[in-house]
Amino acid sequence: MINNMPSKPLSVMVVDDDVLMLQQVSINLGRLAVDNIVLADNAKQALSHIARGDRFDLIVLDLNMPEMDGIEMMRNLAGTQYQGAIALFSGEDKRILKTAESLANAQSLFVVGSLAKPVTEAELADMLNKARPTAHQEKAVQPTQVDSVSEAELRSAIHSGRIVPFFQPKVTAKEVQIESAEVLARWQHPTRGCLSPFVFITLAEESGLIDELTFDLFDKSIALYSNWRKLGYDFTLCFNLSAITLNLVDLPELLNEAVTKYNIPTGCIELELTESQLMDNLTVSLDVLTRLRLKGFGLSIDDFGTGYSSLSQLSQIPFTELKIDRAFVHGANSDPAALAILESSIALAKKLDMTIVTEGVEDKVDWDTVVKAGSDLIQGFYIAKPMAHDDFSYWLTQHKQAV
Ligand code: C2E
Ligand code: CA
Ligand code: CA
């Protein structure tokens with residue numbers, strides 16, 4: 001039934017309060033030649049297996065359980081070393097399963113899909129195939145890389161100018177013209193090539209290097225941006241700010257100085273802050289954010305939809321832009337729950353008078369979906385990937401909007 005079964009023994013844990021269901025799935029898994037099957041009739045028991053260090057390739061998880069439900073169990077699982085896959089299992093309707101899947105993905109859990117009850121052997125086989133270690137090895141690469149980069153290496157990279165800006169355009173939905181460019185950090189490593197920010201941003205935050213990294217990148221990018229403006233290009237520039245940097249009470253003054261040096265109006269600069277980081281420390285941030293806005297900088301909520309902010313919390317901060325996370329953009333056309341979130345987020349942002357950006361537009365279907373939903377600006381691989389400054393300069397010449 002399963003093609004290309006891995007030679008490594010497969011280990012699966014099934015978590016469901018319905019004991020009959022546990023038995024049925026267990027019989028099916030046995031037929032599918034799963035070597036180790038662990039059954040847990042509650043989430044606490046399941047988590048204790050993980051805490052003990054038991055290794056599983058797949059956890060089949062029921063969403064609706066008394067005491068700790070499946071959503072809560074996933075939240076707990078996200079804080080553990082669990083590296084395997086999850087298949088969600090529920091008698092609930094498909095939309096609940098899809099939403100739960102998005103929630104899990106937002107917590108970087110690897111969800112291979114959802115199973116409506118009663119589950120068939122073929123469906124289980126499909127989940128097992130997707131859960132095979134090779135299917136998600138790529139995901140597992142990143143934490144290993146993070147571990148292997150040291151603080152000293154990062155400090156030296158910042159000092160020797162190896163952290164460089166890449167630029168990714170955001171274009172207007174109507175005229176398909178560049179409206180702004182987002183600066184994305186890259187580490188040009190002498191032996192490992194171009195390293196993703198996933199490898200070093202968290203480390204920079206944890207080791208107190210993030211402010212230095214941010215200012216260095218800001219300076220470099222503003223210098224390049226100033227040249228593009230001299231050539232007549234008229235787009236805005238966006239930076240990702242860590243919430244830690246908002247603890248600098250003189251941040252508005254420091255950024256203002258940096259742009260004034262190049263005669264750039266603050267209104268041309270936008271600062272992106274992720275929704276989840278903001279909500280962790282709203283009071284401290286509010287002061288600095290309000291003063292940044294007073295100085296004229298634009299403020300954008302990044303990764304919207306992945307945090308748990310409420311409308312009233314959001315309306316406290318004078319944001320100018322809302323970026324809807326790609327989890328609700330790419331593939332939204334065939335995912336009713338994602339589409340609902342996309343459409344309602346856009347309606348919300350319009351009411352709050354914010355510019356709406358949809359990120360993660362990867363193909364024509366995504367493009368058509370977000371245009372129809374009313375997105376103002378669009379960003380994603382379908383338009384352009386993040387580019388080094390010379391490639392971006394060339395891209396600009398090819399997408400003439402110079403005045
Ligand atoms: P982000 O701010 O949400 O940036 C968007 C990420 O999505 C970028 O990843 C970009 O390359 C990627 N992306 C863009 N279009 C598409 C698409 O169509 N499909 C897919 N699958 N991905 C797309 P990148 O450059 O690896 O950056 C990852 C994250 O690292 C950023 O997420 C941001 O949170 C953080 N980051 C990057 N540069 C900085 C920085 O200078 N400072 C801080 N604090 N964080 C940064
Ligand atoms: Ca961003
Ligand atoms: Ca984002």
Side-chain angles (χ1 to χ4, degrees), residues 105-106 108 138-139 141-142 145-146 154 157-158 162-171 180-188 193-222 236-248 251 255 269-278 285 298-307 319 321-332 345 356-367 369-370 375 377-388 391-392:
N105 287 331
S108 300
E138 213 192 348
K139 284 208 153 202
V141 165
Q142 287 185 347
Q145 284 179 328
V146 176
L154 177 59
I158 298 171
R162 290 191 189 280
I163 308 293
V164 299
F166 268 43
F167 300 87
Q168 188 184 30
K170 302 179 191 175
V171 300
S180 58
E182 177 176 2
V183 173
L184 293 156
R186 295 289 182 270
W187 177 346
Q188 283 180 334
C194 186
L195 297 186
S196 142
F198 287 117
V199 179
F200 59 89
I201 292 292
T202 309
L203 175 65
E205 288 175 338
E206 286 169 359
S207 56
L209 290 167
I210 191 69
D211 293 345
E212 204 178 330
L213 185 152
T214 305
F215 284 113
D216 175 60
L217 205 63
F218 196 81
D219 261 351
K220 280 183 184 141
S221 312
I222 294 283
T236 58
L237 198 63
C238 309
F239 290 90
N240 291 288
L241 269 196
S242 160
I244 293 173
T245 305
L246 294 181
N247 290 321
L248 292 175
L251 183 70
L255 294 185
I269 307 296
E270 195 123 28
L271 306 165
E272 298 187 3
L273 291 131
T274 62
E275 186 200 6
S276 48
Q277 280 202 358
L278 262 181
S285 320
L299 295 179
S300 174
I301 312 172
D302 206 351
D303 299 350
F304 183 74
T306 60
F319 283 111
E321 183 183 275
L322 182 126
K323 289 185 84 171
I324 301 172
D325 191 74
R326 67 167 180 269
F328 312 103
V329 172
H330 176 55
S345 307
I356 299 136
V357 184
T358 38
E359 54 180 352
V361 168
E362 292 192 7
D363 51 40
K364 173 85 167 67
V365 178
D366 289 347
W367 174 280
T369 308
V370 300
S375 179
L377 301 178
I378 303 178
Q379 186 179 19
F381 296 166
Y382 185 57
I383 300 108
K385 290 198 168 175
M387 292 166 269
D391 291 331
F392 183 62

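All values reported here derive from a predicted model rather than from experimental measurement. Numbering of ligands and ligand atoms starts at 1, following listing order.
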**OP:** Give, for atom OG of Ser242 and atom CG of Leu213, the distance between the pair rounded to the nearest 0.5 Å.
**Re:** 10.0 Å

**OP:** Supply the atom-to-atom distance Thr274 OG1 to Asp302 CG, rounded to the nearest 0.5 angstrom.
**Re:** 6.5 Å

Close-contact set for ligand 1 against [X] heavy atoms, below 4.0 Å:
X: Glu359; answer: 3 (O), 5 (C)
X: Gly380; answer: 15 (N), 18 (O)
X: Pro386; answer: 11 (O)
X: Phe198; answer: 26 (O), 28 (C)
X: Ile201; answer: 39 (C), 40 (C), 42 (N), 43 (C), 45 (N), 46 (C)
X: Pro197; answer: 24 (P), 25 (O), 26 (O), 27 (O), 28 (C), 30 (O), 36 (N), 37 (C)
X: Asp303; answer: 3 (O)
X: Leu217; answer: 41 (O)

Heavy atoms of the protein only: does one fall short of 4.0 Å from [atom]?
atom: atom 42 (N) of ligand 1; answer: yes
atom: atom 34 (O) of ligand 1; answer: no
atom: atom 27 (O) of ligand 1; answer: yes

Original post:
Is there a side-chain contact between Pro386 and Glu182, using heavy atoms and a 4.5 Å cut-off?
Top reply: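 No. Closest side-chain heavy atoms not under 4.5 Å.
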
**OP:** For the residue pair Trp187 and Arg162, establish whether any side-chain heavy-atom pair is separated by less than 4.5 Å.
**Re:**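 In contact.
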
Subject >> side chain to side chain contact (heavy atoms under 4.5 Å, CB included) partner of Leu154, the single match among Leu209, Ile201, Leu195 >> reply: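 That would be Leu209; it is the only one of Leu209, Ile201, Leu195 passing the side chain to side chain contact (heavy atoms under 4.5 Å, CB included) with Leu154.
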
Original post:
With Leu255, which of Ile222, Thr214, Leu271, Leu248 fulfils side chain to side chain contact (heavy atoms under 4.5 Å, CB included)?
Top reply: Leu271

Original post:
Any idea which N/O/S atom from Asp303 gets closest to the Ca ion (ligand 3)?
Top reply: OD1

Original post:
When you measure from the Ca ion (ligand 3) to each N, O or S atom of Glu359, which atom gives the shortest distance?
Top reply: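 Nearest to the Ca ion (ligand 3) within Glu359's N, O and S set: OE2.
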
Hey, which N, O or S atom on [X] ends up closest to the Ca ion (ligand 2)?
X: Asp302; value: OD2
X: Glu182; value: OE2
X: Glu272; value: OE1

Where [X] and [Y] come nearest, the two heavy atoms and their spacing:
X: Ala332; Y: Thr369; answer: CB-CG2, 4.4 Å
X: Val171; Y: Ile383; answer: CG1-CG2, 3.7 Å
X: Leu322; Y: Ser345; answer: CD2-O, 4.3 Å
X: Asp366; Y: Gly360; answer: OD2-O, 3.6 Å
X: Tyr382; Y: Trp367; answer: CE2-CB, 3.7 Å
X: Glu321; Y: Leu377; answer: OE1-CD1, 4.1 Å

Answer yes or no: does an N/O atom from [X] fall short of 3.5 Å to an N/O atom of ligand 1?
X: Ala185; result: yes
X: Glu272; result: no
X: Glu205; result: no
X: Leu184; result: no
X: Glu182; result: yes

**OP:** Look at the aromatic rings of Phe239 and Phe218 and report parallel, tilted or perpendicular, splitting at 30° and 60°.
**Re:** tilted

Looking only at protein heavy atoms, which one is nearest to [atom], and what is the separation?
atom: atom 1 (P) of ligand 1; value: Asp302 OD2, 3.9 Å
atom: atom 21 (N) of ligand 1; value: Glu362 OE2, 2.9 Å
atom: atom 22 (N) of ligand 1; value: Phe381 CZ, 3.2 Å

Original post:
Is Ser300 close enough to the Ca ion (ligand 2) to have an N, O or S atom under 3.0 Å?
Top reply: no

Original post:
In terms of side-chain heavy atoms, does Glu272 have a donor or acceptor partner in Ser300 at a distance below 3.5 Å?
Top reply: no

Original post:
Going by distance alone, is a donor N or O of one side chain under 3.5 Å from an acceptor N or O of the other, for Asp211 and Thr245?
Top reply: yes

**OP:** Report yes or no: does Val361 have a heavy atom closer than 4.0 Å to ligand 1?
**Re:**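 Checking ligand 1 against Val361, which is what was asked, there is a heavy-atom contact under 4.0 Å.
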
Subject >> N-O pairing of Lys170 and Glu270 below 4.0 Å >> reply: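 Salt bridge flag = no for Glu270 with Lys170.
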
Subject >> Proximal candidate to atom 7 (O) of ligand 1 [heavy atom criterion; set Gln168, Arg186, Gln379, Arg326] >> reply: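 The nearest heavy atom belongs to Arg326.
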
